[in-house]
Amino acid sequence: MSFFDEGDEPTRVRTRAARPRRPATASRGPAPPDRQTARTRQAVAIVGLIVLLVLVVLFVNGCLNTRKDNALKDYNRNVTAVIDDSDNSVGKGFFQLMAQGASNTQELQVQVNQLRLNADQDVERAKGFDVPGDMAAAQRYLELVLNFRAEGLKKIADRIPSALGRGQTSQTAINHIAGEMQLFLASDIVHAQRVAPLIKDALSKNGISGQRIAGSRFMPDVAWLSPATIADRLGRGTGTSATGAPTPGLHGHGLLSTAIGDKVLTPKATGAVNTVPASANPAITVKFANQGEHDESNVKVSIRLTGGGKTIAQTKTIAQTKAKTDATVSIPLGQQPPVGVGTVLTVSIGKVPGETNLTNNRSEYSVIFTR
């Protein structure tokens, strides 16, 4: 028997043959740029990079310039501060002490030494400054200025005890103190001629304006260079003690001679009449001597001419005369004297503290001025 019934045909299953797939085609990207476009893009990128680098350089330079300007300004402010302290705290304090030295003999050296310590601190303070390269020269001179002041104060303080003594030891110390005062004057000159101009030049070269550049005047008066001034302020070498009383010993001056031009006059007491050629402003030359045992200060020499209906008087003050030493002073008459008439010229040396003999301090002369 057949598995299938007769008459039945097996069912045909029709199958569709699978179509072969087309291979996937790769997606197409943008077309590469042409050579000209590529070069343009490269040029733009390079220009952008250059601009960026320039901006970075400008920014960095700007920061550096600002930093440099600030450093220069800070240095100038530091110099101003230390110079102000040196002038006002140290300098003024020192000269005030010296001006009152005669009434402060016990503490004077200690007080001057204290100011010297302050001056040393100013030196160390300046050495610690942050100094820009443009200020290097100014810094060297600044340290020189401050060292001059500290050195001068130290040397003067060391001499004060001897200066407050008596005799030649005192005078020698006073002379040394007057010499040390030169350091203070030199410090003012160096600051004015070097420190301040160099700072100003450095600021100007960097386009910085509107800054205060400190001036400096440590020494208030050049009279402090004179031993006579030192002696007077310390109450020594002036014929007086610290209290103003005359020191023990001989005091006084004696008139030696008087001349007008080349003509040495003969005193009136002898009966002589002196004939002198007239001039518009004759000078009277007076020679006198310190005949005492002490130096004297502020010695006044006076002249007075009377006759022809008028009186002409002049006075000149000598800062100091030395013991046992001659002195000469020339005093202009100040105007033309009467001509062709008799006149009397009176010359006198002022009394100093402790002077008792005045017989040789004054003399009169008969004088006729001729054409």
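Computed over heavy atoms, backbone and side chain alike; hydrogens, waters and symmetry mates excluded.
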Could you state the interatomic distance from CD (Gln121) to CZ (Arg116), rounded to the nearest 0.5 Å?
10.5 Å
Is there a donor-acceptor contact under 3.5 Å linking the side chains of Thr275 and Thr370?
no
Please enumerate all residues that pass side-chain contact (heavy atoms from CB on, under 4.5 Å) together with Ala136, with sequence neighbours excluded.
Arg140
Inter-residue atom distance Thr105.OG1 - Ile160.CD1, 0.5 Å rounding:
10.5 Å
Which value, rounded to the nearest 0.5 Å, describes the distance between Phe288 atom CZ and Asn360 atom CG?
12.0 Å
Going from CD1 on Ile303 to OG1 on Thr285, what distance comes out if it is rounded to the nearest 0.5 angstrom?
9.5 Å
Taking side chain to side chain donor-acceptor pair (under 3.5 Å) as the test, write out the residues that go with Arg362, two or more places apart.
Glu364
Taking atom types as modelled and ignoring hydrogens, do the side chains of Asn175 and Gln171 form a donor-acceptor contact shorter than 3.5 angstrom?
yes
Which atom pairs, one a donor and one an acceptor, fall under 3.5 Å between side chains of residues 257-271 and the rest of the protein, sequence neighbours left out?
unit_1	atom_1	unit_2	atom_2	d
Thr258	OG1	Tyr365	OH	3.0
Thr270	OG1	Pro267	O	2.7
Thr270	OG1	Ala272	N	3.4

Would you please name every residue forming a side-chain contact (heavy atoms from CB on, under 4.5 Å) with Asn298, sequence neighbours left out?
Asp232, Thr317
More than 12 heavy atoms from other groups under 6.0 Å of NZ on Lys200:
no
Regarding Ser348 and Asn361, is there a side-chain donor-to-acceptor distance under 3.5 Å anywhere?
no
List the residues meeting side-chain contact (heavy atoms from CB on, under 4.5 Å) with Gln36, not counting sequence neighbours, and say none if there are none.
Asp34, Thr40
Checking Arg159 now: which residues fulfil salt bridge (Lys or Arg N to Asp or Glu O under 4.0 Å) with it, not counting sequence neighbours?
none
Sidechain-backbone polar pair: Asn76 side chain, Arg212 backbone, donor-acceptor under 3.5 Å:
yes
Side chains of Asn290 and Asp295: any donor to acceptor distance under 3.5 Å?
no
Salt-bridge criterion met for Asp120 and Arg125 (N-O under 4.0 Å):
no
Does Asp158 pair with Lys155 as a salt bridge, N-O distance under 4.0 Å?
no
Residues sharing Val44's hydrophobic cluster, by side-chain heavy-atom contacts under 4.5 Å among ILVMFWY, directly or via others?
none
In a table with atom names and distances, give each donor-acceptor pair under 3.5 Å that connects a side chain of residues 324-346 to protein atoms at least two apart or in another chain.
unit_1	atom_1	unit_2	atom_2	d
Lys324	NZ	Gln291	O	3.3
Thr325	OG1	Ala323	O	3.0
Gln335	OE1	Lys310	NZ	3.3
Thr343	OG1	Val367	O	2.7

Can you find a pair of side-chain heavy atoms, one from Thr229 and one from Gln320, that are under 4.5 Å apart?
no
Sequence neighbours excluded, the answer for salt bridge (Lys or Arg N to Asp or Glu O under 4.0 Å) partners of Asp85 is none
Start with the C-alpha gap between Glu143 and Gln139, add the side-chain angles, then the distance that decides, and say whether side-chain hydrogen bond (donor to acceptor under 3.5 Å, both in side chains) holds.
CA-CA 6 Å; Glu143 292 181 20; Gln139 175 71 10; 2.9 Å; yes
Who clusters with Leu183? Use side-chain heavy atoms, under 4.5 angstrom, across I, L, V, M, F, W and Y, and order the result by chain and number.
Leu72, Tyr75, Val79, Val82, Ile83, Val123, Phe129, Val131, Met135, Tyr141, Leu142, Leu144, Val145, Leu146, Phe148, Val190, Val195, Leu198, Ile199, Leu203, Ile208, Ile213
Determine which pairs satisfy salt bridge (charged side-chain N to carboxylate O under 4.0 Å, His left out) with at least one residue from residues 180-198, sequence neighbours left out, and list them in order.
Arg149-Asp188
How long is the gap from NE2 on His294 to OG on Ser170, to the nearest 0.5 Å?
11.5 Å
May I ask you to check whether Phe94 and Phe184 place their ring centres under 6.0 Å from each other?
yes
Is it true that, when you exclude Arg304 itself, more than 12 heavy atoms of the residues, nucleotides or ligands shown sit nearer than 6.0 Å to its CZ?
no
Are there more than 12 heavy atoms of other residues, nucleotides or ligands under 6.0 Å from atom CG of Asp130?
no
Residues clustered with Ile368, ILVMFWY side-chain links under 4.5 angstrom
Val273
